[in-house]
Engineer: 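Would you mind keeping the following structure in view while I ask a few things?
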Amino acid sequence: MIDAISFKNGTFRYLDQRYLPLQELHVETRDHREAIEAIKTLAVRGAPLIGASAGYTVVLGVNSFKGSKEEFPAYFGQLIKDVEASRPTAVNLFFATKKMKAVYDANFEGDSLETLKTKMTDEAHKIYNDEVDNCDRIARHGVEQIKRDCADILKTRKLNVLTHCNTGTLACCGIGTALGVIRLAWQEGLIERVITAESRPLLQGLRLTAWELEHDGIPFISISDSSSAFLMQRGMIDFGVVGADRITANGDTANKIGTYAHAVSANHHGIPFYIAAPVSTIDITLKEGAQIPIEERNADELRTIFGTQVATPTTPVLNYAFDVTPGTLLRGIITEKKAVVGNYETGLREICS
Ligand SMILES: CSC[C@H]1O[C@H](OP(=O)(O)O)[C@H](O)[C@@H]1O
């Protein structure tokens, strides 16, 4: 398995995804500020992995505290704020800090700081291990849903699947969410070919998903984001499955910019389009997608391509990192608990209770 992140003996180790696929560079740190920077710069990325990394980052911060127990509450509060300021959209990050705060609330008064640090480390590992398990369950539910929805096609041939950005081990701790569904579907002989949309501007699809699929020996082709509608029109895509960064109570879903366009095209062509994500990505407190904070990133991510200037430094740019796909365009939302199909208000509330 690809070693995206790990935490051993107080050291956080991550594979710096900015250099993939051309260079596999692992970084080790015991400094929570460096770990926060790794999340901000997408050295570490992907909603579930961001959540797990946020948990370990809190542990790094707690471990480096040298003050008195009386000084700890203020320090811990600032640490949580700093971690939560790293990226705004993936709700997994806040799911993780909420878990870490719960350990603090339950144990600070009665425990020594050393015991508290141990309990927080255990919680961070639990966040990571739960996401590994969630991927396997999501994959199972996803494959069963695809077998139902694509049964007619499967009578005569295998399926061609579109995916966007990266939702594999590099994003999810385990086999992946959408890519986990694809991996299991491939193992079960359902997949002819994977079509990975490049995912401008940081090219998570062209660089990372392609690297993971090549690593697994799964046949794929990469396309420009704007090609998906044309391939659908030509009958080259049978279904789409992507990940998520935040899903609201009505099924509206924030995911990498470009997802909405794929979903509109899929809907136009009558092609099933799924979200695959753990329950930790569902924000049931938000009624609809318009409430999701959408990250705007540095304009130079568009003006340059990995260090090469392609537009003038003064070119005006709007660089949204995510868009929001209405639940009405989704065939289903596949979670570790079940595939929610149809009434998302009811179905999502049920699995979040
Ligand atoms: C399995 S969720 C991965 C999710 O996160 C990605 O965003 P980023 O690369 O900016 O962290 C993208 O939205 C993926 O779908």
Side-chain angles (χ1 to χ4, degrees), residues 2 4 14-25 41-50 87 89-90 160-172 175-183 186 191-232 234 236-237 239-245 254-263 265-266 273 275-276 295 297-311 317 319-323 325:
I2 295 165
Y14 62 89
L15 175 54
D16 190 328
Q17 298 186 29
R18 294 173 295 180
Y19 299 99
L20 289 174
L22 304 180
Q23 190 184 354
E24 294 182 35
L25 175 67
T41 59
L42 278 78
V44 168
R45 46 141 304 276
L49 200 84
I50 288 172
R87 291 190 76 188
T89 304
N160 296 294
V161 51
L162 170 72
T163 194
H164 188 69
C165 198
N166 172 257
T167 60
T169 308
L170 291 171
C172 301
I175 59 169
T177 52
L179 201 56
V181 172
I182 291 169
R183 279 174 158 140
W186 163 258
I191 300 296
E192 180 69 32
R193 183 167 69 172
V194 183
I195 294 153
T196 68
E198 60 177 342
S199 316
R200 285 270 304 147
L202 297 181
L203 305 178
Q204 290 92 324
L206 179 68
R207 294 186 301 115
L208 307 180
T209 299
W211 186 69
E212 290 205 45
L213 289 170
E214 206 155 9
H215 181 273
D216 287 9
I218 298 175
F220 72 97
I221 52 165
S222 292
I223 62 170
S224 61
D225 297 330
S226 49
S227 300
S228 67
F230 186 52
L231 269 69
M232 290 177 192
R234 291 195 147 196
M236 296 170 72
I237 294 171
F239 74 98
V241 59
V242 299
D245 292 79
N255 195 52
K256 183 54 50 197
I257 190 81
T259 301
Y260 177 38
H262 294 320
S265 301
F273 196 80
I275 297 293
E295 181 182 15
R297 294 185 61 85
N298 187 304
D300 280 337
E301 286 184 358
L302 260 72
R303 295 193 191 111
T304 66
I305 297 184
F306 290 84
T308 302
Q309 194 80 29
V310 291
V317 163
N319 182 17
Y320 286 126
F322 302 98
D323 56 28
T325 299

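Values in this document were obtained by computation on a predicted structure and should not be read as measured data.
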Engineer: Nearest 0.5 angstrom please: N319 CG to D300 CG, how far?
Structural biologist: 9.5 Å

Engineer: Taking only residues two or more places apart in sequence or in another chain, which ones pass side chain to side chain contact (heavy atoms under 4.5 Å, CB included) with E214?
Structural biologist: F220

Engineer: Indicate yes or no: at least one non-hydrogen side-chain atom of V241 is less than 4.5 angstrom from one of F273.
Structural biologist: no

Engineer: Which residues pass the salt bridge (Lys or Arg N to Asp or Glu O under 4.0 Å) test with R18, not counting sequence neighbours?
Structural biologist: D16

Engineer: Identify the heavy atoms of I275 and G243 that sit nearest to each other, and give their distance.
Structural biologist: CD1-O, 3.6 Å

Engineer: Counting only heavy atoms not in F239, do more than 12 sit closer than 6.0 Å to its CZ atom?
Structural biologist: yes

Engineer: I'd like to know whether L25 forms a side-chain contact (heavy atoms from CB on, under 4.5 Å) with Q17, so could you lay out the CA-CA distance, the side-chain angles of the two residues, the decisive distance to 0.1 Å, and finally the verdict.
Structural biologist: CA-CA 8 Å; L25 175 67; Q17 298 186 29; over 6 Å; no

Engineer: Check whether any side-chain heavy atom of E192 lies under 4.5 Å from a side-chain heavy atom of W186, and answer yes or no.
Structural biologist: no

Engineer: Pair Q204, L42 - check side-chain contact (heavy atoms from CB on, under 4.5 Å), show working.
Structural biologist: CA-CA 10 Å; Q204 290 92 324; L42 278 78; 3.7 Å; yes

Engineer: Listed by chain and number, what are the ring-ring contact (aromatic ring centres under 6.0 Å, His included) partners of Y14, not counting sequence neighbours?
Structural biologist: F12

Engineer: Side-chain contact, heavy-atom cut-off 4.5 Å: V194 with P219?
Structural biologist: no

Engineer: Under 3.5 Å, which donor-acceptor pairs do the side chains of residues 164-172 form with other protein atoms, sequence neighbours left out?
Structural biologist:
residue: H164; atom: ND1; partner: H262; partner atom: NE2; Å: 2.9
residue: H164; atom: NE2; partner: I257; partner atom: O; Å: 2.8
residue: N166; atom: OD1; partner: R45; partner atom: NH1; Å: 3.0
residue: N166; atom: ND2; partner: T209; partner atom: OG1; Å: 3.2
residue: N166; atom: ND2; partner: E212; partner atom: OE2; Å: 3.2
residue: T167; atom: OG1; partner: L179; partner atom: N; Å: 2.9
residue: T169; atom: OG1; partner: G174; partner atom: O; Å: 2.9
residue: T169; atom: OG1; partner: R183; partner atom: NH1; Å: 3.3

Engineer: Give the C-alpha distance, both sets of side-chain angles, the deciding distance and a yes or no for side-chain contact (heavy atoms from CB on, under 4.5 Å) between M236 and L162.
Structural biologist: CA-CA 9 Å; M236 296 170 72; L162 170 72; over 6 Å; no

Engineer: Around atom CZ of F306, are there more than 12 heavy atoms from other residues, nucleotides or ligands closer than 6.0 Å?
Structural biologist: yes

Engineer: Which heavy-atom pair separates A47 from A244 by the least distance, and what is that distance?
Structural biologist: CB-O, 3.4 Å

Engineer: With sequence neighbours excluded, give me every salt bridge (charged side-chain N to carboxylate O under 4.0 Å, His left out) pair touching residues 194-210.
Structural biologist: none

Engineer: Output yes when a side-chain donor or acceptor of T308 lies under 3.5 Å from a complementary backbone atom of T304, and no otherwise.
Structural biologist: no

Engineer: Could you pull out the closest heavy-atom pair between M232 and A266, with the gap in Å?
Structural biologist: SD-N, 3.4 Å

Engineer: Whether the side chain of D323 engages the backbone of G258 through a donor-acceptor N/O pair (distance < 3.5 Å, no angle test) should be reported.
Structural biologist: yes

Engineer: What residues, two or more places apart in sequence or in another chain, satisfy side chain to side chain contact (heavy atoms under 4.5 Å, CB included) together with A229?
Structural biologist: S265

Engineer: With side chains defined as the heavy atoms from C-beta onward, is the minimum distance between I182 and T163 less than 4.5 Å?
Structural biologist: yes

Engineer: Restricting to side-chain hydrogen bond (donor to acceptor under 3.5 Å, both in side chains), what partner residues turn up for E295, sequence neighbours left out?
Structural biologist: R87, R297

Engineer: Shortest non-hydrogen contact from T177 to A276?
Structural biologist: CB-O, 3.3 Å

Engineer: Mind checking what makes side-chain hydrogen bond (donor to acceptor under 3.5 Å, both in side chains) contact with N298, not counting sequence neighbours?
Structural biologist: none

Engineer: If you measure from CG on L20 to CG on L203, what distance do you get to the nearest 0.5 Å?
Structural biologist: 12.5 Å

Engineer: Quick one: CG on L15 to CD on Q23, what's the gap to the nearest 0.5 Å?
Structural biologist: 10.0 Å

Engineer: Would you say that T196 contacts I221 through its side chain, given a criterion of any heavy-atom pair below 4.5 Å between the two side chains?
Structural biologist: no

Engineer: Could I get the full list of side chain to side chain contact (heavy atoms under 4.5 Å, CB included) partners for N255, not counting sequence neighbours?
Structural biologist: V242, D245, T259

Engineer: Kindly write out the residues that satisfy side-chain hydrogen bond (donor to acceptor under 3.5 Å, both in side chains) with S227, not counting sequence neighbours, or none if the list is empty.
Structural biologist: S224

Engineer: Counting C-beta onward and ignoring hydrogens, is there a side-chain heavy-atom pair between V161 and I237 closer than 4.5 Å?
Structural biologist: no

Engineer: Measuring from atom OH of Y19 to atom CD of E24, what distance do you get when rounded to the nearest 0.5 angstrom?
Structural biologist: 14.5 Å

